[in-house]
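First the structure, in the form of structure tokens, and then the observations on it.
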There are 2 protein chains.
Amino acid sequence: MPHNHAHDHSLSLFPTDDHDHSDCTSNLMSYAEQFCEKKGLRLTKLRRDILKEIAASHKAIGAYQLLDSLAANGKKLAPISVYRSLDFLQEAGLIHRLESTNSYFACQRNFEDDERACTNEPLLFLICDDCGTIGEVDGTAIESLIGDVTSKAQFAVERSQLEIRGMCLSCQQSETPGASHE
Amino acid sequence: MPHNHAHDHSLSLFPTDDHDHSDCTSNLMSYAEQFCEKKGLRLTKLRRDILKEIAASHKAIGAYQLLDSLAANGKKLAPISVYRSLDFLQEAGLIHRLESTNSYFACQRNFEDDERACTNEPLLFLICDDCGTIGEVDGTAIESLIGDVTSKAQFAVERSQLEIRGMCLSCQQSETPGASHE
DNA sequence: CTGCTATATGGTATATTGTAACATTATGAA
DNA sequence: TTCATAATGTTACAATATACCATATAGCAG
Ligand SMILES: [Zn+2]
Ligand SMILES: [Zn+2]
Ligand SMILES: [Zn+2]
Ligand SMILES: [Zn+2]
């Protein structure tokens, strides 16, 4: 998972084909442990298992697809159980929900300052329509411009999640698109 | 419906409580007629009825809610019929779908140049969480900043629809929120 | 440790949103 | 008119998400 420090303003890059994804997952899982510990949140076995399953790629996964994956690993669950864990993980800012596709993916931003999380941050997602890979970008940069618009309209922003759809570099280059490059 | 001319770059304002909404609907309906005529699209009775129903407010309406409204007016339809009309209207750029709530609302931008429509425009919606009213803003202003981000990531943008949630001025002012002010 | 309380999970049924497949009807052009 | 295409009707079903109540577990008071 592309690691970006809490207080630099460099942009996260789109996950590349050749990055070491085991870093992404281990970083996220250890961050999740620390974060929940500090916040007094209970990262139970079920929640941990589900988070790990989601973090297995930078693609978004549907709730029922997740159910199937967990069932294949021996964990037969009812939909409600998965949705409850998804709710928990989402409120903790450890995963995000793609509203354009009703699916869930792991947060790609590890904050060094463990007080912070991706809960009320302005979110900006780049979603490859071809391979499904998602790049998560610090949205604070666009906050000011959106602020211009919303202040003109005297609109009090509560939450902004911007989902940009298009094609990632890898899929642009391979003219045999659809190939999984995670 | 707040009228903004095609080639000025002023921002549409959030619909106010006291605006004359009959203007919004009549503007939209006549624009829809002209636009479909020019494009060779067939604005059938069903599609017209559904568009009119959606345009009755600046709030988003769910497909099944729409079904119920039409049934109350004597038109009993199957879901698929509504969804097909919704697809048509959406592809024509006459309505938009809120991805965060699976609901539909009428486009608030009438283009004087009838060749244009809200199909591939960058879209920016301000959605009041309290009363549901939606303000539609020209998103081209933020395109450049998003362009900065996406070009850094070498990501080819296909479509951007930005849904900003918060509270409109009217709901901020009335401390008895939830009141319908459309 | 024991019992109490709050939180998490299980189990069953159901609500909500959206489509597939095929028949019928309406439209527009030859 | 006749034919081809597009639109709508009809029925069944898929995909996503939640309500409700029972059970289990974790953390704490005594
Ligand atoms: Zn990775
Ligand atoms: Zn891709
Ligand atoms: Zn209006
Ligand atoms: Zn409002």
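Naming convention: chains lettered A, B, ... in sequence-line order (proteins, then strands); numbering from 1 in each chain.
The 5' end of DNA chain C is approached more closely, in terms of each residue's nearest nucleotide, by A/Leu46 than by the other of B/Pro79 and A/Leu46.
Residues B/Glu91 and B/Arg47 are not paired through a salt bridge, judged by the lack of any N-O separation under 4.0 Å between the basic side chain and the carboxylate. Salt bridge absent: B/Glu99 and B/Arg165 never bring a charged side-chain N and a carboxylate O closer than 4.0 Å. Salt bridge B/Lys45/B/Asp49: present, at least one basic N to carboxylate O contact under 4.0 Å.
Between D/dA7 and B/Ser81, no contact under 4.0 Å exists linking OP1 or OP2 to a side-chain N or O. One finds no side-chain N or O of B/Tyr64 lying less than 4.0 angstrom from the OP1 or OP2 phosphate oxygen of C/dT17. OP1 or OP2 of D/dA17 lies within a sub-4.0 Å distance of a side-chain N or O belonging to A/Tyr104.
Rounded to an integer number of Å, the gap from CG of B/Leu66 to P of C/dG18 is 12 Å. Rounded to whole Å, atom P of D/dA7 lies 16 Å from atom CG of B/Leu51. Taking atom OH on A/Tyr83 and atom P on C/dT12, their separation rounds to 19 Å, with Å as the unit. When the P atom of C/dG18 is taken as reference, atom CD of B/Gln65 falls 12 Å away, rounded to whole Å. The distance between atom CG of B/Asp68 and atom P of C/dT17, rounded to the nearest whole Å, is 10 Å. In this structure, B/Lys45 places its NZ atom 17 Å from C1' of C/dT27, rounding to the nearest Å. We find that CZ of A/Arg97 is positioned 9 Å from C1' of D/dT16, with the value rounded to whole Å. As rounded to whole Å, 16 Å separates atom P of C/dT7 from atom CG of A/Asp87.
Side-chain proximity of B/Leu77 to D/dG9, C/dT19, D/dT16: nearest is D/dG9. Distance from the side chain of B/Ile80 is smallest to D/dT10 among C/dG18, C/dT9, D/dT10. Nearest nucleotide to the side chain of B/Asn102, out of C/dG10, C/dT19, C/dT17: C/dT17.
Residues A/Leu46 and A/Lys75 are in side-chain contact: their nearest non-hydrogen atoms beyond the backbone lie under 4.5 Å apart.
Using a 4.0 Å heavy-atom criterion, one finds that B/Arg47 contacts the sugar-phosphate atoms exclusively.
No hydrogens or angles considered: nothing links the side chains of A/Gln90 and A/His96 as a donor-acceptor pair under 3.5 Å.
Checked by distance alone, B/Arg84 brings no side-chain donor or acceptor within 3.5 Å of a matching partner on the base of C/dG18. With hydrogens and angles ignored, no donor-acceptor pair closer than 3.5 Å exists between the side chain of A/Arg42 and the base of D/dG27.
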